[in-house]
Asker: 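Submitted below is the structure of interest, expressed as C-alpha cells.
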Amino acid sequence: DAGVIQSPRHEVTEMGQEVTLRCKPISGHNSLFWYRQTMMRGLELLIYFNNNVPIDDSGMPEDRFSAKMPNASFSTLKIQPSEPRDSAVYFCASSSPGNGSPLHFGNGTRLTVT
Amino acid sequence: AQSVTQLDSQVPVFEEAPVELRCNYSSSVSVYLFWYVQYPNQGLQLLLKYLSGSTLVKGINGFEAEFNKSQTSFHLRKPSVHISDTAEYFCAVSGGNTDKLIFGTGTRLQVFP
C-alpha cells in the first residue's frame with residue numbers, strides 16, 4: 001500500500017497566483033480530509049469529504065479556497081489568488097469506513113507564498 | 001462540540017527516563033481518542049487509539065495511554081524513552097456521527113542523551 005500521496009511536496013509561488021494541491025487517498029478509503037498546519041494555529045481541519053461529497057467545509061478560511069473530489073481516488077485543494085498568509089503545510093488524510101477509523105496522513109505539501 | 005487540550009507545549013526528558021504527555025478532552029458524546037506522532041518533515045502517524053473496551057491501550061514504539069472517563073483524560077506514557085522518540089505528539093478526538101478528527105495543539109517531546 002503506497003499510503004496517501006500528495007503532490008507537490010514543496011510549492012513556492014508569488015502572491016496572487018493560483019495554487020493547486022493534489023491528493024490521492026488510500027484505495028478503499030471513503031473519507032478524505034484536508035488539514036493546514038502552521039506554528040500559530042497548529043492543525044486546522046479545512047474540509048472533509050465522505051464518498052466524494054463535501055460534508056463539512058466550515059474550516060475553509062475564505063472564498064479563495066476551494067476543494068473538489070471528482071472521484072474516489074483524487075482530490076484537489078485550490079487557492080486563488082494566493083496570499084503570503086496562506087503559507088503553511090497542507091496535509092491530506094484518508095480513512096476507511098466505520099466510526100473511529102484512524103486517519104492516514106500524506107507527507108504534506110509545504111506552500112510558501114512570497 | 002468536541003475539543004482537546006494538551007497543556008504541555010514542550011516536554012524535555014533524558015534518555016531512558018519515563019515520560020507522560022497529558023491530554024484532556026471535552027465532548028458531549030461518546031468519544032474515540034487517538035495519539036499521533038509527527039517526525040520532522042513528515043505527516044502524522046498513528047501511535048494508538050481508544051475506541052471502547054479496556055481503558056489501557058498499547059501502541060507502537062512502546063507507548064501506551066489510559067482512558068479516564070471521570071477525568072476526561074487520555075494521557076500518553078512510555079516507561080523509558082529513546083533519542084528517536086524526539087518528535088511532536090498530537091492527541092485527537094472524534095465521536096458522534098462525524099468522522100471529523102479534532103487535534104490538540106501538540107506537545108514537543110525532546111529527548112536528551
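Each chain gets a letter, A, B and so on, in the order its sequence line appears, and its residues count up from 1. Both backbone and side-chain heavy atoms feed into the values below; hydrogens, waters and symmetry mates do not.
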Asker: Does the side chain of B/Phe34 come within less than 4.5 Å of A/Leu103's, by heavy atoms?
Answerer: no

Asker: Please check if atom CG in A/Asn71 has more than 12 non-hydrogen atoms from other residues, nucleotides or ligands closer than 6.0 Å.
Answerer: yes

Asker: If you define the side chain from C-beta out and look only at heavy atoms, does anything of B/Gln45 sit under 4.5 Å from A/His104?
Answerer: no

Asker: Are B/Phe14 and B/Val111 linked, directly or through other ILVMFWY residues, by side chains that come within less than 4.5 angstrom of each other?
Answerer: no

Asker: Is A/Phe74 linked to A/Val53 within one hydrophobic cluster, defined over Ile, Leu, Val, Met, Phe, Trp and Tyr using a side-chain heavy-atom separation of less than 4.5 Å?
Answerer: no

Asker: Looking at B/Leu101, B/Thr105, B/Ile102, B/Asn41, which makes the most heavy-atom pairs under 4.5 Å with chain A?
Answerer: B/Leu101

Asker: If you check every heavy atom in residues 105-114 of chain A against those of chain B, which residues fall under 4.5 Å?
Answerer: A/Phe105, A/Gly106, A/Asn107, A/Arg110

Asker: More than 12 non-hydrogen atoms from neighbouring residues, nucleotides or ligands closer than 6.0 Å to CD on A/Glu14, yes or no?
Answerer: no

Asker: Give, for atom CD of B/Gln42 and atom CZ of A/Phe91, the distance between the pair rounded to the nearest 0.5 Å.
Answerer: 9.5 Å

Asker: Does a side-chain heavy-atom distance below 4.5 Å link A/Leu43 with B/Leu44?
Answerer: yes

Asker: Determine whether A/Val89 and A/Val19 fall in the same hydrophobic cluster, where Ile, Leu, Val, Met, Phe, Trp and Tyr are linked whenever their side-chain heavy atoms lie under 4.5 Å apart.
Answerer: no

Asker: Linking I/L/V/M/F/W/Y whenever any side-chain heavy atoms sit under 4.5 Å apart, do B/Phe74 and B/Val19 land together?
Answerer: yes

Asker: Do you know the tightest heavy-atom contact between B/Lys100 and A/Tyr48?
Answerer: CG-CE2, 3.9 Å

Asker: Is A/Pro102 close to B/Tyr36 at the side-chain level, that is, under 4.5 Å between some pair of heavy atoms?
Answerer: yes

Asker: Quick one: what part of A/Ser31 sits under 4.5 Å from any heavy atom of chain B, side chain, backbone, both or neither?
Answerer: side chain

Asker: Within residues 77-84 of chain A, which residues come under 4.5 Å of chain B, heavy atom to heavy atom?
Answerer: none

Asker: In the single-linkage hydrophobic clustering (I, L, V, M, F, W, Y; side-chain heavy atoms under 4.5 Å), do A/Val4 and A/Leu21 co-cluster?
Answerer: no

Asker: If every non-hydrogen atom of B/Phe90 is compared with every non-hydrogen atom of A/Gln37, which pair is closest and at what distance?
Answerer: CZ-NE2, 3.5 Å

